[in-house]
Amino acid sequence: MADLSVVTPGATGEIDTDVLIIGSGMGGGTLAWALRESGARVLIVERGDFLPREPENAQPEQMYLKGRYKNAGHWYDGRTGEPFAPGVYYWVGGNTKFYGASLPRFRRSDFTEVEHQEGRSRAWPFSYDDLEPFYGQAERLFDAHGQVGEDPTEPPHSTSYPFPPLEHEPTIQRFADSLKAQGLHPFRTPNALNVESQADRAAVTTADGCPDGTGRKAEAENKVVRPALAAGVKILVRTEVTKLITSEDGRRIVAAEARSDGRTIRITAKRVALAAGAVNSAALLLRSATPAHPAGLANSSGLLGRNYMVHNSTFFVGVNPLRTNPTQWQKTLGINDFYEAGEGTPFPLGNLQMLGKLRAPMLKPARAWAPMWALDFMSARSLDIYLTTEDLPSRDNRVRVDGDRILIDWTPTNVAPHRELVRRVTKLVRKAGYPLIFTQRMGIETNSHMCGTAVAGHDPTGSVLDASCRSHDVENLWLADASFFPSSAALNPALTIAANALRIAPSVVAGLTA
């Protein structure tokens with residue numbers, strides 16, 4: 001990393017910039033990349049540091065048993081007061097350092113109001129067609145591998161995927177063939193993994209859940225942050241923004257207060273884009289309350305922190321004790337046959353996608369009582385699946401702050417269709433030759449798909465942000481993470497976050513450098 005791109009506060013503890021981006025993950029990193037040639041001075045502030053490339057990156061026991069890269073501390077269950085370790089990470093690149101590189105587009109219906117078994121999901125203030133060109137840009141930016149036309153629910157594309165889809169390895173191909181024989185439409189999932197040989201796949205076999213030290217996984221640090229820094233964007237690491245300071249009338253942010261390596265600093269900026277993740281972004285705005293914004297900055301609607309969504313999700317493992325699964329990169333197959341309502345499916349159920357490939361240390365936290373030899377035996381013979389059902393926005397599911405503590409009030413919604421999805425997939429997997437089924441519903445700590453805490457909409461009384469993700473209340477504040485999602489869909493949010501950051505980038509600097 002060139003020294004000129006990494007800044008440090010001077011003796012006065014003050015830094016001045018045109019655009020302050022808080023967070024360097026999929027949203028913040030992509031926005032910084034989009035603004036790299038805008039003529040504006042752009043500064044990324046990241047709470048963490050650059051994650052080192054080291055042999056431990058690919059060792060699941062380091063990640064899952066020793067917590068080597070866990071640095072988010074604890075949040076608290078608002079109902080019980082009990083602490084939990086959230087599934088978020090403070091590193092340059094954010095959660096993408098650990099994601100499985102799954103890059104689906106949301107379906108066209110996800111942008112509309114949809115009737116679910118237990119309620120409705122909200123319509124977005126812009127359509128799929130509005131976002132579609134930016135989906136294509138994001139796919140090129142993150143080296144998406146895929147094929148249009150294999151998934152019947154796939155919305156129209158104006159551009160092809162930049163790379164062909166990753167082919168199934170033999171075990172996954174047999175599973176795909178079984179699904180087809182059962183009348184379904186398995187497809188090769190869009191993925192941001194650059195692998196050509198089986199040796200390449202072996203080198204990244206743990207990259208779904210662990211850092212990738214090889215650079216083959218396209219994520220925010222290597223695809224957008226570092227290129228942005230090379231083009232003149234600056235970054236301040238190991239710095240946590242603790243408060244946003246407004247003008248006296250509350251209409252503009254004039255500065256951010258932050259803790260940087262043990263000292264308090266002040267960052268002045270003309271525009272602020274918050275991309276710290278749906279929980280931390282909401283928490284920062286709540287902590288930035290002023291007389292003009294007594295319920296939290298940008299919270300005249302009373303919705304800031306509310307409508308917290310994280311998906312209903314289940315780890316689903318099918319085991320055939322008589323057949324090993326030598327697959328190195330398993331995350332190549334998905335089905336959306338139950339994603340939308342239709343014949344035999346009166347309400348949407350959700351998505352099936354494969355996991356990268358489970359290893360015994362990844363299973364141990366969920367089955368602490370099981371000996372490692374048993375988990376090794378199981379994972380060597382398992383087919384590993386991730387099931388996702390849309391959860392619905394609820395005012396009662398929310399983020400609160402109590403001093404330095406973050407509290408999460410969360411009761412799962414739309415649970416019945418998720419149970420039905422698990423039931424149907426159980427039948428499919430057993431027919432495919434895996435008689436033993438193990439499932440684990442994800443709890444409050446599994447929140448890498450968090451969204452919805454500052455929803456976007458046209459009506460300032462019913463939303464926090466406008467359609468360009470700018471605050472209704474504060475004229476120079478944008479949110480560039482998944483906080484703006486009015487609904488969660490039932491797919492991985494990463495590509496949608498990136499596409500939206502590209503969409504809103506011109507509005508962030510409009511008139512700034514004229």
Side-chain angles (χ1 to χ4, degrees), residues 9 12-23 27-28 31 43-45 47 75-76 78 236 239-260 263-308 395 398-409 452-457 459-466 468-481 483-484 504 507-508 511-512:
T12 63
E14 294 198 8
I15 298 175
D16 180 66
T17 191
D18 293 326
V19 180
L20 169 61
I21 300 175
I22 302 170
L31 181 62
L43 173 67
I44 304 170
V45 173
R47 188 168 176 170
W75 296 347
Y76 295 83
L236 179 61
T239 301
E240 178 187 1
V241 176
T242 55
K243 186 178 182 181
L244 297 175
I245 301 166
T246 67
S247 56
E248 188 173 346
D249 62 5
R251 292 297 302 167
R252 295 182 59 83
I253 294 171
V254 297
E257 193 173 277
R259 289 194 294 260
S260 182
R263 62 187 291 211
T264 299
I265 66 169
R266 180 184 173 95
I267 305 166
T268 56
K270 297 181 178 69
R271 310 279 169 88
V272 175
L274 186 48
V279 168
N280 280 314
S281 289
L284 175 58
L285 294 174
L286 289 168
R287 289 184 177 128
S288 299
T290 68
H293 301 274
L297 191 59
N299 194 24
S300 65
S301 66
L303 293 174
L304 178 64
R306 297 185 182 272
N307 299 305
Y308 171 73
R395 288 179 59 95
R398 62 183 297 199
V399 178
R400 295 184 288 126
V401 294
D402 179 16
D404 288 336
R405 299 198 314 161
I406 290 177
L407 295 91
I408 306 296
D409 298 331
T453 57
V455 296
D459 180 3
T461 66
S463 58
V464 178
L465 310 172
D466 67 15
S468 68
C469 295
R470 187 176 75 166
S471 164
H472 290 300
D473 303 339
V474 182
E475 62 188 37
N476 64 339
L477 170 65
W478 284 257
L479 269 75
D481 54 29
S483 301
F484 84 89
I504 69 172
S507 71
V508 174
L512 190 59

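For this chain, numbers begin at 1 and follow the sequence in order.
With hydrogens and angles disregarded, no donor-acceptor distance shorter than 3.5 Å links the side chain of Arg398 to the backbone of Leu304. Not a single donor-acceptor pair under 3.5 Å links the side chain of Ser260 to the backbone N or O of Thr239. With hydrogens and angles disregarded, no donor-acceptor distance shorter than 3.5 Å links the side chain of Thr453 to the backbone of Val279. Side chain of Arg287 to backbone of Asp404: a donor-acceptor contact under 3.5 angstrom is found. Side-chain atoms of Asn307 do not come within 3.5 Å of backbone N or O of Gly452 as any donor-acceptor pair. Within the 3.5 Å criterion, the main-chain N or O of Asp16 finds no donor-acceptor partner in the side chain of Arg266. Between the side chain of Arg306 and the main chain of Gly302, a donor-acceptor pair closer than 3.5 Å is present. Between the His293 side chain and the Ser288 main chain, no donor and acceptor come within less than 3.5 Å of each other. Between the side chain of Arg271 and the main chain of Val508, a donor-acceptor pair closer than 3.5 Å is present.
Going from atom CG of Asp466 over to atom CH2 of Trp478 covers 9.0 Å, rounded to the nearest 0.5 Å. If you take CD on Glu14 and CD1 on Ile267, they are separated by 10.5 Å, rounding to the nearest 0.5 Å. Asp402 contributes atom CG, which lies 12.0 Å from atom CG of Leu286 (distance to the nearest 0.5 angstrom). Atoms CD1 and CZ, from Ile504 and Arg470 in turn, are 11.5 Å apart once rounded to the nearest 0.5 Å.
The shortest non-hydrogen separation linking Thr12 to Arg263 is C-NH2, 4.2 Å. Closest approach of Ser301 and Val464 over heavy atoms only: OG-CG2, 3.8 Å. When all heavy atoms are compared, the tightest approach of Ala256 to Leu20 is CB-CD2, 3.7 Å. Residues Val272 and Ala269 come closest through the heavy atom pair CG2-CB, 4.4 Å. Residues Ser247 and Val254 approach most closely at N-CG1, 3.8 Å, considering heavy atoms. The two residues Ser281 and Asp481 come nearest to each other via the heavy atoms OG-OD2, 2.6 Å.
Between Leu236 and Pro9 there is a side-chain heavy-atom pair separated by less than 4.5 Å. Here the side chains of Ile22 and Asn280 are not in contact, with every heavy-atom distance at 4.5 Å or above. Residues Leu407 and Val401 form no side-chain contact, since every pair of their non-hydrogen atoms from C-beta on lies 4.5 Å or further apart. Side-chain contact between Leu479 and Leu285 is present, with at least one heavy-atom pair separated by less than 4.5 Å. Contact check for Ile253 versus Leu297: side-chain heavy atoms found under the 4.5 Å cut-off. At least one side-chain heavy atom of Leu303 sits less than 4.5 Å from a side-chain heavy atom of Arg395.
In the displayed structure, Lys243 atom NZ is contacted under 6.0 Å by at most 12 heavy atoms of other residues, nucleotides or ligands.
Donor-acceptor pairing under 3.5 Å is lacking for the side chains of Ser471 and Asp473. Between the side chains of His472 and Ser300, no donor-acceptor pair of N or O atoms lies under 3.5 Å.
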